[in-house]
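Below, chains carry the letters A, B, ... as their sequence lines are ordered, and counting in each starts from 1.
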Amino acid sequence: MEYNFREIEKKWQQKWVEEKTYKVAEDKSKPKFYVLNMFPYPSGAGLHVGHPLGYIASDIYARYKRLQGFNVLNPMGYDAYGLPAEQYAIQTGQHPEKTTFQNIDRYREQLDKIGFSFDWDREVRTCAPGYYKWTQWAFQKMFGSFFSKSPLPTSPKGEESHPAGKARPIEELIAYFEQKGTEGLDEFGVAQTEELHFTAEEWKAMNEKQQSDVLMNYRIAFMGETMVNWCAGLGTVLANDEVVDGVSVRGGFPVEQKKMRQWCLRVSAYAQRLLDGLETIEWSDSIKETQKNWIGRSEGAEIEFKIASPSAGRLSPSEGNDQEGLESFTIFTTRADTMFGVTFMVLAPESELVEKVTTPEQKAAVEEYIKYVKGRTERERMIDHKVTGVFSGSYAINPFTGEKNPIWISEYVLAGYGTGAIMAVPAHDSRDYAFAKHFNLPIIPLIEGADISEESYDAKEGIVCNSPRADVKPYIDFSLNGLTVKEAIAATKKYVKEAGIGRVKVNYRLRDAIFSRQRYWGEPFPVYYKNGIPTMIPEECLPIELPEVDKFLPTETGEPPLGNATVWAWDEVNKKIVENTKIDNKTVFPIELYTMPGFAGSSAYYLRYMDPHNNEALVSKDADEYWQNVDLYVGGSEHATGHLIYSRFWNKFLFDLGVSCKEEPFQKLINQGMIQGRSNFVYRIKDTNTFVSYDKKDGYDVTPIHVDVNIVSADVLDVEAFKAWRPEYATAEFILNDEGKYICGWAVEKMSKSMFNVVNPDMIVEKFGADTLRLYEMFLGPVEQSKPWDTNGIDGCHRFLKKLWKFMTNEDGTINATDGAASKEELKALHTLIKKVTADIEVFSYNTSIAAFMVCLNELTKLKSTSREVKEALTILLAPFCPHLAEELWHLLGHTTTVCDAPWPAFNEDYMKEDSVKMMVAFNGKARFPLEFPADVSKEEAEKTALADPQSAKWMEGFTVAKVIVVPGKMINVVLKK
RNA sequence: GCGCUUGUGGCGGAAUUGGUAGACGCGCCAGACUUAGGAUCUGGUAUCUCCGAUGUGCAGGUUCGAGUCCUGUCAGGCGCACCA
C-alpha cells in the first residue's frame, strides 16, 4: 500500500483535537520545559512558507523534550492589535476586529494543517479584554512606581535591594518629599526626567496639579512633553524603530519631529539591568551586541566649565575658581584625559544655554543659525553630516589650563545625549577635527607620535604628552605626561572628583519609550482627566474596553480616533463609563483618547500563557513558580531592539513587583533565518508578445517580467498555464530551447505578493503532506540562517518518507515487524542514529539529523530489517519531525497510547563497538592507505604493524623514521626525514 | 566609521578536542524495469595534463598534519551610526 499521507494526517490531526493530546497542566512530578514562538500578527495575506520555519523548529524541540519526560508548555496566540487592520478599516469601514478575527481563523486553519503540538486551550489574543486587562493593569502599576538605586529612608525597613536599582511604590517618594523635599535625593539614585529642587515646605504648598506634574518627573509610566516622530500620513506617533530614513516603515510616509504630550515608559532607568542581564542569558552574540549598542553605555565624566567674562584673558587660578557671578555649564566626555587639548566648546542648538551665552554682537548670527537648523528635517541631518555652526560670542574657562575657549553652537552636538554640551578636542575626535578645520580653530596633539596633519587620532592608545604643554606655565599642579591614555583617563577622573569640578558619570544611549499612539486599534488607557490631572481608573474596574466608534479616522478637530466615541467618559461616583454628554468635570470626566502602542500587548504575553484564564491575576504565584520563564524562545532577529528590549524591561518591572519570579523572560533565544523568495522571470522581446527561453535570450532585446512561481516547475514554465494566467498573455508566443522547454530565469528576493514568489504552505501540504513540509523546511539548512525557498529539493524528503513507509509496512498496509532479536548490524545502525539525533536536536542541527535518518534507513533496508525493537525505536525518533507518520506507525505497531508519551530511546555504546578498526597510515601527514587492526590494538602494536607493512617500505625509501604518531582509531602518522 | 556575522563542488549544505574535506539531499550522467515517466530501483558525479597532482575567498604563520588555531587582507550579509 502506498504512503497515504493525506489520510494519515487528517486522521491524526482529528484525534489530537478530540483527545486533547497537547493539553498541559502544571505537574510537579515532572520537570517543566517552556517553549515559545514569537506570536504572529495575523495579516490578511495568510501564512507563507517562511512563517512556519521557526514554529516547526520549536515544535520539534518541544516534542523531543516531551519524549524525554518533560512537561512541555508550547502555546500559541496572536498579536492582534496593529496598523494594517486599522488601515483596512479606514478604507472599507469594516471594524478592525472583524478582519482581525477572520485573519486569525485563516492562520489557525493553516497552522492546524502542519501538525503543531500547541496547547490551544491557552491561546491568547492581545485584543481580548480578558487579556488586555493585564496590559492596563501593568501600566497602572508603572504609573504608581518610581525607580531608585537604593531604598529611600521612607522605604520599608529590611527591603531587599537590587544592586542596579529597582521599582518602588511612588508613595515612598511622596513621603520623602513631605519630609525633605528633594534634598539629598541624589544619593539614592532616583531615576528622573530632569533634576528638580524644592523643599518640603514648597512641596506641601503645591496644589494637586503641581504635585502631579512633579511626580511625572519620577513615575515609571509618566506623561511628558517630548519630541516625537510625528507621521501625518498615518496620523500618529511612531517609535524610533518604526522610522527608517525619515519615513515610516509601514506606508513610507514622511515623518517629522514635533513636541507633543505623550505617555512614556522610563525604560532608561533599567538600562544597567538590561545590560547586566545579557550576561545571564543564552542569546547569540550578534543579538546581544545589537542590544548592547542600543543601550549604549559609556563611562565618562561630567566636568564643569565656567563662562568667562569677555574681557578676561588667560585667568589665574584664583580668578578661575572664585570669580563671582560667573555662570558655569557642564559637559560630558569619555576622554577626560584630553582636557589639555580642548580648543573650543560646542553647544547643541536646542540647548537652553544658547540664549545665555549668546552675546549681543552675535545674536543675529545665532538666531539665523538656529532658524537654519530648525528647517532641517531629521532626514537631512541623518543623510548628510554637513559641518555647520556659529560662534556664540562667549568663552569658557578650561579648569585645567585656565585658557579661554570660544563657545560655538553646532548641530553635530545632540541635545538629547549627555548634557547637550561638549568640550572639543580636535586632535583626538574626528568630528571636532572636521569642525576645527572648517572654522580654522587650533588643534593641539596630546599623544606622542600621533600624526594629525590629515585626520584626528581617535584611538584610545598611546602615551600622553602636552598635558600640560611645555610652553605654557602650569595653571594647576597636575600632569598627565608619560601616562597611557587609560591611566590618564583614570587620573583625570580622580582629580576632577577631588577638586570638585565634576563627577564620574555613566551615560546611556537608551531612551525612554513613547507609550501612546493616536490610533483606534490598540489598548485604551485606563486613565481619565480630572481637571487636567491624569488619574487612574480604579483597578477593580479594569479592563476598560475599547469603545465603539463610527469612524476610525482622527476627528475633525484633530483628536485621535477615540474622540469619535460617544460613550467615553468616566463617572467617578458610579465607577462606570458613561456618555460624553454627561461630562461636568465634577464627577464625570473625559477619558484618555490615546491608545497603547504595539509592543504593549506583546511585552508580557509569555507570562499570561502560564495561566491564561486567571481573572484575579496576570499569572498566579503557583503557575509562575512552576513555569518560571521561557526556556527556549524562537523568533526573528528583527525584534532585537524592539520587542526583545521592551519585554525584558517589562518583565524586570514585574520582577520588582514580585509578579514574575525570574528577572529575564527568555533564557535561550534562537533566531530563525528569513525565508526569502525565489522569483522566476520570463523574457519578453521588446515591443512584441513573444517570450524567449532564458538560455536563448542573448541576442534579443528583452524585458524580464516576474512570473508566478506556482506555474513554474524546476525553472520550466508551464506554457499553457502562463497563457491562462493573464488575459494579455493569452496570445503569447514562445521561443523554446532545443529540448522544447521554456526555461525561466530566477533571482532571490523578499517573499512578497508583488513579486509573485509567495509559496503557500497549504499547497505544499496538499501536494506532499505536512510531514514532508516539516522535514523539508528543516532539511533546507541551519535554522538560524536565511535562505531562499526552493521547492525543487522537496522530492528528496518526500521520497525518504515513502521509502520509510515501504520499509515499515507490508503490501497490505500492516506493519512488517517480527519479535526476534535484532542483529548486531541493525542495532549498530539504530544506535548510530540515536546518538546522532539526540545530540543534533539539542543544538538545533535538524538538517544533519535528517541526513542521519536517511543513512540509517538505507542501512536497515539493505539489511532487510524486520525487528520490532528497531522499528519502534525508529518511530519514536521520527516523532518530533514527522508526528503524523510516527503516530500512524506507532498505532500499526499495536500501541493504543500516543507516541508523544513514548520514552526516548536510550543510546547504548556497546552496539557501536567494532571487531576491527581501520586506521589510515600517513607519511609526513599525507594519508596513503588504510590498515585494519583488531579493535583493541595497542598504540605500540599498531605502530609496529604499520612500519612492517610492505606498502610502507615504498614510502620510506630514502628516508629514516623520525617519529610515529598514533591517533587511536583514526590515523598512524609516520614522520620521515632525509 | 564602529560592532557582529558568513565565505567549502553546478546548487542547498556536512565535517567532536586540529586527524582520509565534500555526509545527506537536489541537479546531472549511465543502466534496469516499463507503451510511457516529472514513478521506482542500481551505479557514478570536486578539479586537472587523470599510474599522479591540486583543491575549503586571498596572502602568510604555527604544526608531523589546518576548512578548523594565529596574523594580515578582500568580498558579501546584518545591526548601530554626528552618542562626545
Side-chain angles (χ1 to χ4, degrees), chain A residues 2 284-294 296-298 300 331-336 338 346 348 381-382 384-387 410-414 416-425 428-432 434-435 455 458 507-511 637-638 640-641 671 673-674 713-716 775-776 779-782 784-797 799-800 802-803 806 836 839 843 845 847-856 858 918-930 962-977:
Chain A
E2 284 283 294
S284 72
D285 286 346
S286 70
I287 289 268
K288 282 189 183 179
E289 206 55 42
T290 304
Q291 291 214 341
K292 278 183 197 163
N293 264 333
W294 192 257
R297 179 191 156 101
S298 62
I331 58 93
F332 175 74
T333 182
T334 54
R335 292 294 301 273
T338 59
V346 190
R381 272 173 88 163
M382 241 146 62
D384 72 316
H385 298 166
K386 269 195 228 163
V387 181
S410 173
E411 59 178 330
Y412 86 88
V413 173
L414 307 175
Y417 186 77
T419 60
I422 63 154
M423 61 181 211
V425 185
H428 303 294
D429 183 285
S430 50
R431 296 153 302 178
D432 297 346
F435 196 83
E455 55 181 4
D458 291 13
N507 262 329
Y508 299 91
R509 205 182 66 92
L510 185 71
R511 302 294 161 80
S637 58
E638 67 272 20
T641 55
N671 296 114
M674 259 211 284
S713 177
D715 290 334
V716 177
L775 215 51
Y776 184 57
F779 190 63
L780 219 44
E784 301 195 64
Q785 197 172 301
S786 286
K787 57 231 152 188
W789 176 262
D790 182 356
T791 312
N792 290 343
I794 199 165
D795 288 327
C797 287
R799 212 168 284 155
F800 163 70
K802 282 202 281 194
K803 280 188 210 168
K806 215 169 148 187
K836 180 81 179 144
V843 295
S845 182
N847 54 339
T848 52
S849 288
I850 295 165
F853 267 108
M854 292 173 175
V855 173
C856 178
N858 238 320
K918 261 186 200 164
M919 281 196 253
M920 287 307 294
V921 185
F923 298 89
N924 284 344
K926 292 285 172 197
R928 303 294 174 173
F929 60 90
K963 63 175 163 175
V964 180
I965 301 155
V966 179
V967 183
K970 298 248 176 183
M971 167 95 57
I972 299 164
N973 197 347
V974 183
V975 183
L976 302 172
K977 64 178 179 199

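Minimum atom distance to the side chain of A/Lys802 is reached by B/U40, of the listed B/C24, B/G19, B/U40. In the set B/U40, B/C82, B/C24, B/C82 carries the atom at the smallest distance from any side-chain atom of A/Glu411. Picking from B/C24, B/G65, B/U20 the nucleotide with the shortest atom distance to the side chain of A/Asn973 gives B/G65. Checked against B/G12, B/A84, B/G13, the side chain of A/Leu414 finds its nearest nucleotide in B/A84. Comparing B/A14, B/U40, B/A84 by their closest approach to the side chain of A/Thr333 singles out B/A84. Residue A/Met920 places its side chain closer to B/U20 than to any other of B/G25, B/G19, B/U20. Here B/A14 is the nucleotide among B/A81, B/A14, B/C4 with the atom lying nearest to any side-chain atom of A/Thr848. When distances run from any side-chain atom of A/Ser286 to the nucleotides B/C24, B/C4, B/A14, the shortest one goes to B/C4.
The side chain of A/Lys288 places no N or O atom within less than 4.0 Å of a non-bridging phosphate oxygen (OP1 or OP2) of B/C4. For A/Arg509, no side-chain nitrogen or oxygen approaches OP1 or OP2 of B/C80 to under 4.0 Å. In this structure, A/Arg799 reaches the B/C26 phosphate: one of its side-chain N or O atoms is under 4.0 Å from OP1 or OP2. Taking only side-chain nitrogens and oxygens, A/Gln785 comes nearer than 4.0 Å to OP1 or OP2 of B/G13. Residue A/Tyr417 places at least one side-chain N or O under 4.0 Å from the OP1 or OP2 atom of B/A84. Applying the 4.0 Å criterion to OP1 and OP2 of B/A84, one finds that A/Ser298 has a side-chain N or O inside that range. OP1 and OP2 of B/G12 both lie 4.0 Å or more from every side-chain N or O belonging to A/Asn847.
Side chain of A/Lys836 to backbone of A/Phe853: no donor-acceptor contact under 3.5 angstrom is found. A distance-only check finds a donor-acceptor pair linking the side chain of A/Asp458 to the backbone of A/Ser430 [under 3.5 Å]. A/Asn507 places no side-chain N or O within donor-acceptor distance of the main-chain N or O of A/Ser298, the cut-off being under 3.5 Å.
As rounded to the nearest Å, B/U71 and B/G27 have P atoms that lie 43 Å from one another. For B/G52 and B/C4, the C1' atoms lie 45 Å apart once the distance is rounded to whole Å. For the C1' atoms, the distance from B/C64 to B/G76 is 36 Å, rounded to whole Å.
Aromatic ring pairs are classed by plane angle as parallel below 30°, tilted from 30° to 60° and perpendicular above 60°; the pair A/Phe923 and A/Phe929 is tilted.
With its glycosidic angle within 90° of 0, B/C50 is assigned syn. Regarding the sugar-base torsion, B/G7 falls in the anti class, its angle being beyond 90° of 0.
Using a 4.0 Å heavy-atom distance criterion, A/Val967 is classed as a base contact. Looking at heavy-atom distances under 4.0 Å, A/Lys803 makes contact with sugar-phosphate atoms alone, never a base. Among the protein residues, A/Pro930 comes within range of no part of the nucleic acid, since none of its heavy atoms lies under 4.0 Å from any strand. Looking at heavy-atom distances under 4.0 Å, A/Leu780 makes contact with sugar-phosphate atoms alone, never a base.
Between A/Trp294 atom CH2 and B/G79 atom C1' the separation is 10 Å, expressed in whole Å. Here the P atom of nucleotide B/A84 and the CG atom of A/Asp432 are 12 Å apart, to the nearest Å.
No side-chain heavy atom of A/Asp795 sits under 4.5 Å from any side-chain heavy atom of A/Cys797. When side chains are defined from C-beta on, A/Phe800 does not count as touching A/Tyr776, because their heavy atoms never get closer than 4.5 Å. Side chains of A/Ile972 and A/Val964 form a contact here, defined as non-hydrogen atoms less than 4.5 Å apart. With contacts defined as side-chain heavy-atom distances shorter than 4.5 Å, the pair A/Tyr412/A/Val387 does not qualify.
Here A/Lys386 contributes atom NZ and A/Glu411 contributes atom CD; the two are 8.0 Å apart, rounded to the nearest 0.5 Å.
Consecutive pairing runs in RNA chain B reach the stem threshold at B:1-7 with B:74-80, B:10-12 with B:24-26, B:27-32 with B:40-45, B:46-48 with B:52-54, B:57-61 with B:69-73, where a stem means at least three Watson-Crick or G-U wobble pairs with distances under 3.5 Å.
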